[in-house]
Each structure stands twice: as C-alpha cells, then as structure tokens.
A.B. asks: 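Quick one: this structure, given as structure tokens, is what I'll be asking you about.
All ligand and atom numbering here is 1-based and tracks the order in the structure.
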Amino acid sequence: MLPWFILFLLGLSKATTHTYDFNVTWVTANPDGLYERPVIGINGQWPIPIINTTVGDRVIIHLHNQLGNESTSLHFHGFFQNGTTEMDGPTGVTQCPVPPGSSITYNFTTDQPGTYWYHSHDQGQYPDGLRGPFIVQDPDSPHKGKYTGEFILSVSEWYHKQIPTLLTSFMSYTNPTGVEPEPQAALMNDGPNATFPVQPGQTYFFHIVNMGAFVGQYVWFEGHHMRVIEVDGVWTEEAEADLLYVTAAQRYGVLVTMKNDTSANFPIVSSIDEDMLDKVPPGLNPNVTGYLIYDSTQTLPQAQWLDDFNPFDDFTLVPSDGLGIFDNVDHSMTLDVVMDNLGDGQNYAFLNDTTYLPQKVPTLYTLLSAPEDLVTNTAIYGENTNSLIVEHGEVVEIILNNHDIGKHPFHLHAHNFQVVVRSDAEAGDFDPTNTTALTTAAPAPAFPAVPMRRDTIQVPPHGNVVLRFRADNPGVWLFHCHIQWHMQTGLMATIIEAPLALRAQKGSQGVQALPADHLAACQAGGTLYEGNAGGSTSDWLDLSNANYPPDPLPAGFTARGIVALVFSVVAAFLGMAAISWYGAAEFKTMKVGN
Ligand code: C2O
C-alpha cells in the first residue's frame, strides 16, 4: 500500500490536457438518407468530434467561427464549470455571440465522470448540427469491472430546413398557438442503421444521449435488458429497465449483457414521442433502428413496433454516493410556466409572467462591471433576464409548476439537482388553476430519503416538480426548458449564484479579468461588454435601453382561442392590411439581441 500522498501525486500526474482547434464551418450532409442539406461541422467533418476525457483532465478548445453568416458559441452540457463560469457558453449570459471571423478559447477541467454532450448555445442553432457527445471516464467508477466495452448511442430528431428558416415561421403572428416545427426523421449516431459489433456473453456500457432539440425519444434493445448505472453524470445503483424515455438533453448510462448464442442480430430502436407533435407529419417515420451485430454475415432483422410505451421511472433511481435529501431548505422559489401571446401576435413562453430576452450586455459581464453594491440588485440585469439571486452555500428549492399542456425538459446549468417531487405524468394531480395549493407540503408526498439527482428533468403536462440543490458554485447559470423552440420564445431564467463570492473570485479587475479573446469577440460583433442590461455605465438603475418584449395584447384579445381564430383567419384570408383595425402598429416579427 502506497502512502496517500504518493497516490495523490500519481493521480495528479495522470491528468491530461486535451487541446482542440475547432474550425466551425458549413458542410454538406444527408444524415437521414432522405435529404442533403448544409449542416454545421467542425474541421470539415460532420458528425462533429466525440470528446473523451478522464476525470481531472483539462480541455482547451480554440473555437474559430468560419460560418460566414452566423454567430456561434459552445456549451458543455452538464459540466459544473466551478470557478470558470465564463467558459459555460450561453450567449447573452456568460459571453457574447462569437461573430463570423472571430475565435475564442474555452478552457476548463472535466472534474466529473459520466455522459455529457456539447452544443452551440446561440440562437437555437445546435439542431443544425453543432452538437456532439462528451464522455468523461472514471477510474474510480463504482461499476468498474462490470463491462468489457463501451458504446455511445446518441439519438436526435432531424429537420430538413435550417434553424433560422424554421424560427422565422415558428416565431410569428402566423403561428399564434406556437406549433413547433415538425422533424422529418429520427437519427441514431447521426444516421439510420447504426451498428454495434458485440461478442456473445459480454457486457457493454452504452452511453445514451438525446442531442435533439425538441422531442423525447423511447429507447429499447430488442431481446435484451438494460441496467441503468448513470443518469446525467451521476452514478446510480443498478436498476433494471426495458424501455427508457430520454428527453432532449438527458443522458443515461446503461449496461447491456449479450446473449450467449450468435445466431441472430438484434434491433435497438429509438422512437420519437409523437405526443409532443401537434400534428404528425405525413410520411414521418418516428423510429430509427440500430443493431447489435453478433454476426455480420447474418441479416439485419426488422424492428418490432411497440403498441404501448411504459418507460422506466427515473424518479426511482438512487445515486451510488447515497447523498441524502437536502431537508433544510434556505430559499424556496416557485416558477410558473405559461405560454401566451403578446401584442405582436406571436406566442411567447413565460416564467412567472416574464418572458426571457437576451440583453445588450451578457449578464455575467453586467455583474463583473457593476459597482459592487449593486450586484445583488436584480434590476441591473434587466427585468427580462428573469434573474434570481441565490446566496453562497444555501440550499435552494425550485418548485416548477407547468400550466401548459406540453412536456418541458428543464435543465439547470452547473448543478445536479435532487428531484424530490414529481407529479405523475398526466395523472391530473396538479390543478393548474390552483397554484396556491401547490407547495412541497401539499399534496404532502413522502420525499425520497436519497433522491435521484440529474441536470435535466421532464416536467409533465399540467404537472410539477420540486428540485433542490446547494448553491456551492458561484456563477451566472441558466435554468431553462431545453426545447430550442421554447428557449427562443423565452422559457428561461437566470440564476445569479453567490454574486459577491463570484466578484471576489474574479478579482478587482472585474470584467477585464476575463480572457481577452472573449472580450474581443464582443467588440468584433458590436456587443457591449460593460454596463447594465441596457448598456448604461453612468446610471446603473436606468434600464430604459434594456430589451423588452412587445406589450400585451389589447383587451379583448387575451384568450389564446380568440387569438388563434383571429390570427389564423387574418393570416389565411385577409392578409396583413386587414389587421390594422386592431391597431397593431408593431405587428411584425420582432427581433431581439444580436
Ligand atoms: Cu444543454 Cu443551456 O443547455
């Protein structure tokens, strides 16, 4: 047995730095085999690289935006970025959009094991292809030795049109009920017919990640059981599962043991949750099939269709570390999800009656450039950042009530939260008209002693969840629905975590303490990097230049049903001129931010 400090030194000496140059460009691809289109690739390739590190390793990515026509950024989904909030990636929050021709470097350590992914966090852009898996190996995994090989199994939905085109028609008075764009296909490992060569009797670790932008997917292995061992980077006790439901941005690590004979190959199926589509497009194949290949000389069998989806309940998972429930809540906040129209006729998403809008200055930069005594005043960040301040070290609880008929996969940056309550999917145990009754005490569920922790959770239609985390990570962190369509229409809040500790961490130089290339990207793109949400550095409480949404609909047009009727009739039969009778002077697609 070596003394502890030798082990410590050996441990340190193994940490590796992984350095990448990522030239982000348009390339041509035909992922579903149905349609060739421009996609966003890296170094001339699509799919983009898989990043694979070991706990403790450093990653340095030099991102060069060579798209020519769009800004970009990278976010490393699920990473805590403790001490490096400026490397988190969402534009308007912790950095400026990186304009075409500019480069910035991301530099952070991967201190946590498991299955992650990385994606653009700018303008809803990643479904155009800028998203890929990111795996962190754990030499100390509690499941070490249980498997002989590993596979990545990514799923996503795919669109034939490019995101800016889809967003233009989605975010419009012609779509007053907010019908989301329909995907054209499901992909597994970025195509149809993914193959996984296996040996009989062996056990494999599959890293399952939904890199999609909208729909959840059901995933199953025909003729084989899964044993869940990881959820969003948290090791769990083994749990048997035959069917997983994976929302956009969620991950599962599962063990699958192969059969002992080699006579046939077996389908792995991923199937789009069609309940999330307002209408199922004609010709959509909701399934994508991959194969466990026992014998490459044998045929690829047809997948069996499932009539009934009864997925594994992630709420029952138990983290391997046994971390008990945070039962002394210091700070509880309630967020109500509502979709509604504003005066431009467009459908918006609201948390507590406020729709998120990016501001003139990224929120982190406001925090670092403001006078110290103002950083705990949410006004400076702009009303429409939905900023919520939490204190260093406190246990924070979020009660998230979904008043909408849709499913919403909510993600918190930089933390795993405990899920202490989740109402049954569509069981009607949450009355959306009665929010006052909805607290953690009523309907008085028995809280799990060791709750499941993850970073992305499905909130059921007209349902709710109660999440808890410890504010041990000073930074500016988003909390949002991961459906890109809903992010773009405002289903986001900003957690300003331990702002004074963050100021102390970055030192007296304030925003100038940030890497020069991050600030240079702001300058190159004409984005302000000092000042309040409106860019004011003289009067920090003057928010008149902040970004605000359109006014509410005029009286009499507030009900979604009326809006839907009026707007669809107007749009379909009367044309733009006829709508002037209700005085919509700014009745056009609103553009915000950059
Ligand atoms: Cu996958 Cu805000 O992120």
A.B. asks: What N/O/S atom of His480 is the closest to atom 2 (Cu) of ligand 1?
C.D. replies: NE2
A.B. asks: Would you call the rings of His480 and His482 parallel, tilted or perpendicular if under 30° counts as parallel and over 60° as perpendicular?
C.D. replies: tilted
A.B. asks: Can Asp111 and Arg58 be counted as an ion pair, charged N to O under 4.0 angstrom?
C.D. replies: no
A.B. asks: Is the distance between the ring centroids of Phe469 and His415 under 6.0 Å?
C.D. replies: yes
A.B. asks: Angle between ring planes, Phe134 versus Phe76, binned at 30° and 60°: parallel, tilted or perpendicular?
C.D. replies: perpendicular
A.B. asks: Taking the side chain as everything from C-beta on, heavy atoms only, tell me whether Thr72 gets closer than 4.5 Å to Leu63.
C.D. replies: yes
A.B. asks: Distances under 2.8 Å only: what protein N/O/S atoms are near atom 1 (Cu) of ligand 1, ordered by chain and residue?
C.D. replies: His77 ND1, His119 NE2, His482 NE2
A.B. asks: Do the rings of Tyr218 and Phe309 sit parallel, tilted or perpendicular, given the 30° and 60° boundaries?
C.D. replies: parallel
